[in-house]
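Reviewing the structure listed below.
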Amino acid sequence: MASFPTSPDVLTAAWLSKALGYSVRGFRVSHFSEGAGVMALVTRLHLEADQGPDSLIAKFPSPAAENRAVAQLYNMYGREVHFYQQIAEAIHLRTPACQYAEFDPDTNDFVLLIEDLQGLRIGDQVVGCTRQEALAVIDAIAELHSSGWGAGAPAVISHNNPMQRDGMIGGFRAGWPAVLEHFGDLIPEAALPVGERIPDLVAPLLDRLCAEPTCLAHADVRLDNIFFGKDEIVLVDWQSVCVSAPEQDLAYFVTQSLPPKVRAEEDWLAHYHASLTARGIDYPIERCRERFVVASLYLLCYAVIIAGTLDLGNERGQALGRTLLGNAMSALDEMGAFTFASNFP
């Protein structure tokens, strides 16, 4: 049994006082609007105390059994706790300040108390973003990658691992029939035969994607995990942190968060490459373009698994599944990735 609270229902002022190191007289829990949080339960704590912030964000395991099972398969809760305990202070990108982090590997329970980024605006993957916002995000991605380039962070797993490979294969096989049934209008004709082949392509795609050079990757860069300030970008939700190709973060954001109109306004890969190399990284743009297609094709697994297998819980969650799947399908079709897949590996 975990020695810390595993849901907001069992939080106490006494435990918060011990965890934070100062007296908390009382607190109130508020929940976010529909669709906030898929793999974990995210709440806001309004604190009554003589010091510290007025509010904090508290994260707990997802109450949805199927979502928690996915989180356990990929050690998402353990990864995020490790990130805040060991890595966050070393990267050149602002992350929420962590006040408390604990994980129980025996039960897969966890709790995080992190900075409440009130005053910053959270992105919305269903709504999309502007060109200027996209430019800022991609510069932030380049900043993250340049600070973690070429060297593995302490105890951070490579994205190319048996757990990841088998999970993507099994998840895609489970999700593809549901996607065909419920989202058939979003699937280009060229994608239909490729969809049947994706499980066989996962391993070679991962091999190509995670060959050197690699860097520290967030691996879940989408608008719902991005806060916008006046002059800064803050990435949250570090449950998938890993070592991977830089194109993984870039392709996930460009193909699944950018609305088609914004996606067409810029050569996003060229902007990323210029931003990365301006930070002192020597990396051929031809290699970057090749792996961008590989990453985009592989990341279709994410869209299919989210839209086809997860409990999205409400109307906003279902709109999220439809948005990221539709964005991914149209982006892959535009770049010729389905033709690429027909001749890969």
Side-chain angles (χ1 to χ4, degrees), residues 33-39 62 64-71 73-74 123-129 164 166-202 205 219-225 237 240 248 251-264 292-342 344:
S33 58
E34 286 192 347
V38 174
M39 303 311 300
S62 172
E66 51 268 69
N67 296 14
R68 180 165 175 157
V70 172
L73 177 65
Y74 298 110
D124 187 325
Q125 195 165 0
V126 175
V127 173
C129 67
Q164 185 70 30
D166 294 347
M168 291 296 100
I169 293 171
F172 191 95
R173 283 177 173 155
W176 184 243
V179 163
L180 290 175
E181 179 180 356
H182 299 295
F183 302 101
D185 60 307
L186 301 178
I187 302 175
E189 185 175 347
L192 293 172
V194 172
E196 302 300 325
R197 291 194 65 220
I198 289 292
D200 295 328
L201 297 181
V202 166
L205 286 169
D220 198 12
V221 180
R222 56 189 182 88
L223 284 169
D224 285 8
N225 290 333
D237 208 352
S240 301
Q248 178 166 348
Y252 193 40
F253 178 69
V254 170
T255 65
Q256 299 192 30
S257 280
L258 294 190
K261 181 180 178 181
V262 175
R263 198 170 63 230
F292 183 84
V293 177
V294 170
S296 299
L297 186 61
Y298 162 73
L299 290 164
L300 180 61
C301 293
Y302 282 34
V304 168
I305 291 170
I306 292 170
T309 71
L310 293 186
D311 176 10
L312 298 174
N314 48 61
E315 289 185 9
R316 199 273 172 182
Q318 292 165 21
L320 172 63
R322 184 172 183 84
T323 298
L324 61 89
L325 183 66
N327 286 347
M329 286 292 182
S330 63
L332 287 165
D333 202 28
E334 290 166 9
M335 74 176 72
F338 297 124
T339 301
F340 173 85
S342 299
F344 186 86

Exercise. Using the side chain to side chain contact (heavy atoms under 4.5 Å, CB included) rule, take Glu66 and Val70 through it: C-alpha gap first, then chi angles, then the decisive distance, then the call.
Key: CA-CA 6 Å; Glu66 51 268 69; Val70 172; 5.9 Å; no

On a heavy-atom basis, which atom in [X] and which in [Y] lie closest, and how many Å separate them?
X      : Y      : value
Val126 : Ala319 : CG2-C, 3.9 Å
Ala190 : Asp333 : CB-OD1, 4.1 Å
Thr309 : Gly171 : CG2-O, 3.8 Å
Met329 : Leu300 : CE-CD1, 3.8 Å
Thr255 : Ser296 : CG2-OG, 3.5 Å
Ala295 : Ala251 : CB-CB, 3.8 Å

Practice problem: Would you sort out whether Leu297 and Phe340 count as a side chain to side chain contact (heavy atoms under 4.5 Å, CB included), showing the intermediate values? | Solution: CA-CA 9 Å; Leu297 186 61; Phe340 173 85; 4.2 Å; yes

Is the backbone of [Y] close enough, under 3.5 Å, to the side chain of [X] for a donor and an acceptor to pair up by distance?
X      : Y      : result
Glu334 : Pro260 : no
Arg222 : Gln125 : no
Ser257 : Leu223 : yes
Asn225 : Asp220 : yes
Arg197 : Phe344 : yes

Answer yes or no: is there a side-chain heavy-atom contact under 4.5 Å between [X] and [Y]?
X      : Y      : result
Met335 : Phe292 : yes
Thr323 : Gln256 : no
Ile187 : Trp176 : yes
Ser240 : Met39  : no
Leu325 : Ile306 : no

Quiz item: Going through the checks in order, is the side chain to side chain contact (heavy atoms under 4.5 Å, CB included) test met by Arg173 and Ile198?
Solution: CA-CA 9 Å; Arg173 283 177 173 155; Ile198 289 292; over 6 Å; no

Quiz item: Could you walk me through whether Tyr74 and Met168 pass the side chain to side chain contact (heavy atoms under 4.5 Å, CB included) check?
Solution: CA-CA 10 Å; Tyr74 298 110; Met168 291 296 100; 3.2 Å; yes

Quiz item: Distance from Tyr298 atom OH to Phe172 atom CZ, nearest 0.5 Å?
Solution: 12.0 Å

Quiz prompt | Contacts of Asp124 that satisfy salt bridge (charged side-chain N to carboxylate O under 4.0 Å, His left out) - sequence neighbours left out | solution = Arg316

